[in-house]
Structure formats: structure tokens, C-alpha cells
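Here's the structure, in C-alpha cells; my notes come after.
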Protein chains: 2
Amino acid sequence: MCSYKLLPGGTRQVVDVQIPGDFLGLRSVLFRTAGHNIEPISRVQASEVQVRDLLEAFQTAPRLAATLLWAASRDEAMVVEHLVGIGRRDAKQRMAHFLLELGARLKLVRLASNDGYNCQLTQYLLADALGLSAVHVNRVLRELREDGLVTFQQGKVTFGDFDGMVAFSEFDRQYLDHDGPLMTGPGGSPSAVQVLTAMTGP
Amino acid sequence: MCSYKLLPGGTRQVVDVQIPGDFLGLRSVLFRTAGHNIEPISRVQASEVQVRDLLEAFQTAPRLAATLLWAASRDEAMVVEHLVGIGRRDAKQRMAHFLLELGARLKLVRLASNDGYNCQLTQYLLADALGLSAVHVNRVLRELREDGLVTFQQGKVTFGDFDGMVAFSEFDRQYLDHDGPLMTGPGGSPSAVQVLTAMTGP
DNA sequence: CGGATAGTTGACTTGCGTCAATCCGCGTGG
DNA sequence: CCACGCGGATTGACGCAAGTCAACTATCCG
């Protein structure tokens with residue numbers, strides 16, 4: 001799925017993309033932002049979680065709370081990286097970086113390897129995610145293909161030269177691989193439940 | 001102050017700007033991102049807070065935890081808005097939106113009114129924040145001045161036509177004014193302390 | 001078969017970057 | 001006191017990356 005914001009004028013900006021296993025809507029629980037929507041891309045299987053139930057779950061499984069907070073934190077780090085990319089990378093590098101990052105995330109849930117992965121994103125959606133026009137997305141993908149770096153056709157992303165991609169896009173191999181440098185403590189104590197309670201009322 | 005990321009190649013992207021009263025470094029507590037730095041802009045008065053002390057403070061002042069979490073959430077919302085602006089607004093609108101948003105935040109701590117505010121940001125810094133070149137920042141500021149919308153000279157931002165600015169930049173008056181739609185519950189129960197403990201170890 | 005939706009490509013336009021020159025205020029040191 | 005250097009602001013000329021418009025193809029589906 002993807003979450004995006006619509007602007008008056010009809011354009012939209014995709015903020016981030018959700019993949020299988022992701023927890024959706026963490027951001028909007030605490031701070032509802034206007035004009036923010038989510039949309040399915042491929043067939044989705046999802047479970048709705050009531051805040052109430054989530055709080056209970058935190059009681060019985062304290063580490064869940066910590067994990068979820070960490071996920072929220074990681075999501076924000078990705079938004080920041082996204083921001084940097086749009087602000088300071090050109091279209092080609094931006095695309096390469098995006099495809100690598102998506103691959104890295106899919107790899108964590110065994111839906112990608114260094115060879116490539118399946119990906120149903122349309123070029124229009126890529127355009128809205130990367131702040132480009134659909135036409136230019138197409139051109140950039142062709143260039144990357146001609147350079148032998150990646151191929152993105154028929155719903156498949158195939159890396160031709162993975163290391164070349166990493167080098168070209170200046171991708172930081174670290175930033176999604178680890179489990180969080182501060183997650184190493186003993187942990188296990190309760191829990192985010194009180195915080196959420198304080199925010200939302202019992 | 002401002003927090004930014006440096007890219008190989010010498011360019012940088014300013015992610016957000018801190019104003020008096022802001023809590024700094026919430027993001028990096030949980031998830032350290034590479035190449036992320038902060039830098040003072042004007043003379044800064046700051047207190048360093050040890051995570052340890054923060055946790056204790058949460059014990060005695062539970063609402064502090066909730067407030068801080070809300071602040072973190074608001075910061076993320078601003079980053080998202082920033083992302084949208086860079087991705088889908090042209091330079092002029094982006095600048096107008098940025099100046100309004102900064103004004104709205106400063107108003108909350110009584111450092112701005114609808115007339116304007118003091119602002120020591122250089123055009124180079126604006127450029128790095130908005131994903132533009134310094135030269136173009138200058139051009140855009142001149143255009144906005146000639147349109148009678150804002151003047152930004154000698155460290156002073158002066159709104160010539162506040163409503164015009166809001167309309168032109170499609171600024172959402174809501175999104176920083178309220179105290180958070182979900183902050184309305186009774187609240188007051190403890191606290192973020194356990195969460196942070198779980199993340200960092202005791 | 002027609003009508004969506006997505007991808008592809010070419011021709012043209014434009015917003016913004018780059019380079020370069022100038023100007024201004026300020027501090028520093030001779 | 002003036003010369004100098006420096007960081008910031010300003011402006012013009014020029015080039016390029018990316019947007020826009022438009023045509024054409026491919027594929028799927030009713």
C-alpha cells in the first residue's frame with residue numbers, strides 16, 4: 001500500500017510505501033494530518049487493530065510496544081531519507097536509491113534478494129513518490145536499464161549490477177539492515193501502553 | 001538551530017529548523033541515522049538532558065512524557081509536510097509555505113505575529129532547507145516582495161498580505177494551531193518511561 | 001471489437017542551477 | 001584611518017534537467 005497526500009490542484013505526493021508485514025497508520029494515531037490518505041496497490045490482506053486492543057496487547061506482550069515504537073522511529077527515518085533524496089538528488093539517483101531501499105525492506109521479509117524482487121508499482125505511482133512526472137520516470141528507468149544497473153519491467157525489478165547501484169545511488173547499506181543500535185538493552189519492561197493511554201484517554 | 005544531512009558531494013539537506021522552546025534530538029534518541037548533524041544558527045541557550053534524567057522526570061511528571069511524545073509526533077508531521085512541499089510545490093510556493101509555517105511555530109512561543117518576525121536564516125540555509133540554490137532563493141524572495149506578499153530583509157520577515165500568503169501557498173491554518181486532536185482525553189497516567197527503558201536498557 | 005489503463009517515445013518549453021560579476025556591511029590588522 | 005578580506009545579498013547570461021503536450025503501442029477485459 002502507499003500513503004500519500006493530495007494537494008489542491010490534483011497533484012499528489014506519496015510519502016511512503018507499505019510492504020507485507022508493515023504496521024500501518026502509526027503516524028496518524030497520534031497526530032492526524034489533513035489530506036492524508038492511504039491506498040492499496042496490490043491485493044492486500046490486513047487486520048484492523050483497535051487502539052483499545054493494541055493497549056491490551058502491550059500489557060501482555062511488553063516487547064511488542066518497544067518493537068512498534070522502533071518501527072515508528074524507523075518509518076520516520078525513512079521519511080527523512082526520502083526528503084533528502086527529493087531535495088538533493090537528481091532523478092536518476094533518486095530512482096536508484098528508491099529501488100534499493102524498497103529492496104532492502106523486502107529482503108527483511110524474504111520477498112527480495114540481491115538479484116531483484118517483484119514490484120507492482122506503476123510508473124505513475126513512482127512519479128508521485130519521487131516528485132517526478134510519469135514521463136520522466138520512464139526515461140530514467142530506461143537510462144538505468146541501458147547502464148546495466150536495474151531493469152524494471154513486467155512488475156519485476158532485476159538488479160543488473162547491485163554494487164554499481166549502491167555506489168551510484170550512494171545508498172547507505174547500514175541504515176535498514178541493523179535492528180536498531182539502541183534495541184540492544186535487556187528490554188522487556190512494560191510498555192507503551194500508558195503513553196498511548198495518556199494520549200487518547202482510557 | 002537546524003538539523004541536516006550531508007551528502008557525499010558536499011551538498012546538504014536541512015531537514016528541520018528548531019526554534020526557542022523546542023526539544024532537540026528526539027528523533028536520534030531511538031534511531032540514529034548516518035550523516036545526520038545539527039548546527040546552531042543564532043546564539044543558542046540549551047540544556048543537555050541525559051536520557052537517564054529524562055526517564056526520572058517522566059516518573060514524577062507523567063504528562064511531560066505525553067507532551068514530549070506529542071512533540072515528536074508533530075515534528076514528524078512537519079517533516080512530512082516538508083517532504084510534500086519539496087516534492088510537489090514550485091519554489092515560490094515552497095518559500096511562502098515555509099515562511100508561514102515558521103511564523104506559525106514562532107507565534108506559539110510569542111516570537112511572531114501575523115505582521116512578521118525576526119529570522120536570522122541566511123539565504124544559503126533557506127536554499128538547503130527548500131532544496132533550491134541560493135541564487136534562486138534570492139530570486140524567489142524578490143518575486144514575493146514584488147507581489148507584496150512578504151519581505152525578508154535584514155533578518156526580518158514582514159508579511160505584506162498575510163491572507164494572500166495563506167491562499168497562495170495553500171497553507172493549512174489548522175495543522176499547527178491545535179493542540180492535537182487526540183490530546184483531549186483525561187490523560188495523566190504514566191508514561192513514556194517504560195518504553196524508553198525498554199528501548200535503551202535501564 | 002471497443003475502451004480502459006499502462007508504458008514508450010519524440011518535440012518543445014520552462015523552472016531552476018551554474019557561473020560570474022558586483023555590491024554591501026563588518027571586522028581585522030597594518 | 002584606510003585597506004583588505006570575507007560572508008552574505010543581488011543580478012544577469014546561459015545551459016540543462018525535468019515538465020508538458022501529444023502521438024503511438026501493448027495489454028487486459030467486458
Side-chain angles (χ1 to χ4, degrees), chain A residues 2 7 9-14 39-43 84-99 118-147 150-158 168-169, chain B residues 2 7 9-14 39-43 84-99 118-147 150-158 168-169:
Chain A
C2 70
L7 290 103
T11 63
R12 70 170 183 174
Q13 175 64 48
V14 171
E39 189 182 272
I41 293 165
S42 60
R43 190 147 288 282
V84 172
I86 290 187
R88 286 299 178 206
R89 284 194 257 260
D90 67 14
K92 204 169 163 185
Q93 218 183 357
R94 219 180 293 174
M95 175 67 75
H97 194 279
F98 178 86
L99 293 177
N118 289 328
C119 179
Q120 297 307 321
L121 304 184
T122 70
Q123 296 187 350
Y124 292 89
L125 202 139
L126 284 174
D128 285 337
L130 300 176
L132 300 170
S133 69
V135 174
H136 202 60
V137 163
N138 188 300
R139 285 194 278 249
V140 166
L141 283 176
R142 175 158 51 82
E143 286 179 43
L144 287 171
R145 195 182 331 128
E146 287 168 356
D147 292 350
V150 247
T151 304
F152 187 171
Q153 273 168 335
Q154 278 101 352
K156 279 189 179 54
V157 174
T158 314
F168 172 72
S169 66
Chain B
C2 69
L7 289 103
T11 63
R12 71 169 182 174
Q13 175 64 47
V14 171
E39 190 181 271
I41 294 166
S42 59
R43 190 147 286 282
V84 172
I86 291 187
R88 286 299 180 207
R89 285 194 255 260
D90 67 14
K92 203 168 163 184
Q93 217 183 357
R94 219 180 292 173
M95 176 67 74
H97 194 279
F98 179 86
L99 293 177
N118 289 329
C119 179
Q120 296 307 320
L121 304 183
T122 70
Q123 295 187 352
Y124 292 88
L125 202 140
L126 283 174
D128 286 336
L130 300 177
L132 300 170
S133 70
V135 175
H136 202 61
V137 163
N138 189 299
R139 285 195 279 250
V140 166
L141 283 176
R142 176 159 51 81
E143 287 179 41
L144 288 171
R145 197 182 329 128
E146 288 169 354
D147 293 350
V150 247
T151 304
F152 188 169
Q153 272 168 335
Q154 279 96 310
K156 279 189 180 54
V157 174
T158 314
F168 172 72
S169 67

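Below, chain A is the first sequence line, B the second, and so on; all start at residue 1. Note that the structure is a prediction, hence the values are computed from the model and not measured.
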Separation of L121(A) atom CG from dT5(C) atom P, in whole Å?
-> 18 Å
Specify the separation, in whole Å, of atom NZ of K156(B) and atom P of dA9(D).
-> 15 Å
Cut-off 3.5 Å, no hydrogens considered: what does the side-chain donor-acceptor table look like for residues 134-141 of chain A, sequence neighbours left out?
{"from": "H136(A)", "atom 1": "ND1", "to": "R139(A)", "atom 2": "NE", "distance (Å)": "3.4"}
{"from": "N138(A)", "atom 1": "ND2", "to": "Q123(A)", "atom 2": "OE1", "distance (Å)": "3.2"}

Nearest-Å distance for atom pair CD/P, residues Q93(B) and dC16(C) | 11 Å
Does R12(A) use its side chain to pair, donor to acceptor, with the backbone of A129(A) at less than 3.5 Å?
-> no
Side chains of T11(B) and R89(A): does their closest heavy-atom pair fall under 4.5 Å?
-> no
Calculate the interatomic distance between L126(B) atom CG and dC16(C) atom C1'; express it in whole Å.
-> 16 Å
Rounded to the Å, how far apart are L130(B) CG and dC16(C) P?
-> 11 Å
Round to the nearest Å and state the distance from I41(A) atom CD1 to dA6(C) atom C1'.
-> 15 Å
In this structure, CG of L121(A) is separated from CG of L99(A) (nearest 0.5 Å) by 8.5 Å
Kindly indicate whether the side chain of Q153(B), heavy atoms from C-beta on, has any atom under 4.5 Å from the side chain of R145(B).
-> yes
Please examine the side chains of F168(B) and D147(B), heavy atoms only from C-beta on, and report whether any two atoms are closer than 4.5 Å.
-> no
Spell out protein contact along nucleotides 10-20 of chain D as letters: B when the base is contacted, S when just the sugar-phosphate is, - when no protein heavy atom is under 4.0 Å; keep the 5' to 3' order.
-> BBBB----BBB
If you round to the nearest 0.5 Å, how far is CD of E146(A) from OG1 of T151(A)?
-> 10.5 Å
Atom CG of L125(A) and atom P of dA6(C): how far apart are they, to the nearest Å?
-> 10 Å
Encode nucleotides 23-30 of chain D as B, S and - characters from 5' to 3', where the letter depends on protein heavy atoms closer than 4.0 Å: B to the base, S only to sugar-phosphate, - to neither.
-> --------
Donor-acceptor contact below 3.5 Å, side chain R94(A) vs main chain L130(A) | yes
